[in-house]
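Quantities reported herein were computed from a predicted structural model and do not represent experimental measurements.
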2 protein chains.
Amino acid sequence: MLTRIDHVGIACRDLAAKVEFYESVFGLTVVSMEVNEEQGVKEAMLAVAQGAHGQDVSYVQLLEPLGPETPVGKFIARRGEGVHHVGYGVADLAASMAAAEAAGLRLIDARPRHGSLGASIAFLHPGDVGGVLTELVQSARATRANPG
Amino acid sequence: MLTRIDHVGIACRDLAAKVEFYESVFGLTVVSMEVNEEQGVKEAMLAVAQGAHGQDVSYVQLLEPLGPETPVGKFIARRGEGVHHVGYGVADLAASMAAAEAAGLRLIDARPRHGSLGASIAFLHPGDVGGVLTELVQSARATRANPG
């Protein structure tokens with residue numbers, strides 16, 4: 001089901017400072033910055049690796065909460081800054097969600113929603129994945145390649 | 001400096017059960033199981049993605065502590081099961097360690113040590129990387145390609 005590590009989602013208090021850190025120290029490149037009101041975050045995607053055709057395949061996703069009552073805001077209040085979730089690539093999100101549900105995993109999202117870079121995403125409940133908030137990601141590229 | 005997400009290290013209480021879960025539900029494949037006495041863990045590496053030449057490029061690393069007084073044992077006692085660290089690929093570990101130190105990051109490992117699958121690794125202090133225990137990984141493949 002999982003075809004790659006799409007991204008590691010990292011909660012931080014100061015997005016601009018962390019972006020500067022990952023760029024200057026680790027040599028990563030920002031490919032997208034956006035505000036996701038639905039998820040209550042301001043976020044940056046930084047490319048970590050390129051595939052055989054030069055396409056980005058993995059990212060560090062830095063997440064700053066829009067407020068203390070958002071999920072990421074509560075996460076930081078409870079556990080501090082750090083890894084918030086792991087996003088894995090899937091070829092077919094709807095099929096992967098159905099398979100996860102059939103395996104007894106709780107879906108946080110009953111239907112796919114919009115993620116970074118035009119992707120379709122859905123989260124699985126961390127209580128069913130050994131404490132790991134797990135995101136399934138069908139990239140916009142995969143969506144175009146496999147309409148429907 | 002970072003060339004890919006090498007692995008996500010996930011702390012768990014029951015390695016065999018978690019391996020079975022990631023294999024059966026997520027379709028991953030175990031490529032290595034080993035005991036690392038130095039790090040106090042029993043671990044499995046499961047391949048998530050293949051590169052252009054069919055080589056493995058990213059892994060889920062499942063970690064079961066050998067005892068409660070090990071770093072991973074203490075992590076689970078404090079925070080529960082979940083993401084323990086993130087490992088990134090680097091082309092030249094010694095150069096990357098020197099660059100990290102020059103940038104003011106504390107190295108947990110003053111010298112490279114042995115990681116999974118024959119890799120050379122070093123950990124950076126999470127307090128300097130926004131709460132993320134960060135591992136630099138020079139794979140055995142890269143080591144062979146760049147002797148010295």
Do you reckon [X] sits in the same ILVMFWY cluster as [Y], going by side-chain contacts under 4.5 Å, direct or chained?
{"X": "Leu63(B)", "Y": "Leu136(B)", "value": "no"}
{"X": "Leu93(A)", "Y": "Leu107(A)", "value": "yes"}
{"X": "Leu15(B)", "Y": "Leu66(B)", "value": "no"}
{"X": "Phe123(B)", "Y": "Phe75(B)", "value": "no"}
{"X": "Val41(A)", "Y": "Ile76(A)", "value": "yes"}

Can you confirm whether [X] sits close enough to [Y] that some side-chain heavy atom of one is under 4.5 Å from a side-chain heavy atom of the other?
{"X": "Phe21(B)", "Y": "Asp128(A)", "answer": "no"}
{"X": "Leu105(B)", "Y": "Phe26(A)", "answer": "yes"}
{"X": "Val8(A)", "Y": "Ile5(B)", "answer": "yes"}
{"X": "Tyr88(B)", "Y": "Leu28(A)", "answer": "no"}

Practice problem: Find the one option among Val132(A), Thr134(A), Leu133(A) whose heavy-atom pairs under 4.5 Å with chain B are most numerous. | Solution: Val132(A)
Quiz prompt | Closest heavy-atom pair and its distance - Met1(A), Val25(B) | solution = CE-O, 3.3 Å
Heavy-atom distance under 4.5 Å to chain B: side chain of [X], backbone, both or neither?
{"X": "Leu2(A)", "value": "both"}
{"X": "Arg79(A)", "value": "both"}
{"X": "Leu124(A)", "value": "side chain"}

Quiz prompt | Option that, when pairs with chain A are counted at under 4.5 Å, heavy atom only, ranks first among Gly82(B), Cys12(B), Gly27(B) | solution = Gly82(B)
Quiz item: What residue, out of Gly131(B), Gly130(B), Ala17(B), has the most heavy-atom pairs lying under 4.5 Å from chain A?
Solution: Gly130(B)
Quiz item: Could you go step by step and tell me if Val83(B) and Val86(A) meet the side-chain contact (heavy atoms from CB on, under 4.5 Å) rule?
Solution: CA-CA 8 Å; Val83(B) 177; Val86(A) 180; 3.8 Å; yes
Quiz item: Within a radius of less than 6.0 Å around CZ of Arg111(B), do more than 12 heavy atoms belonging to other residues, nucleotides or ligands occur?
Solution: no
Self-check item: Heavy-atom contact with chain A under 4.5 Å, split by part of Ala103(B)
Solution: side chain
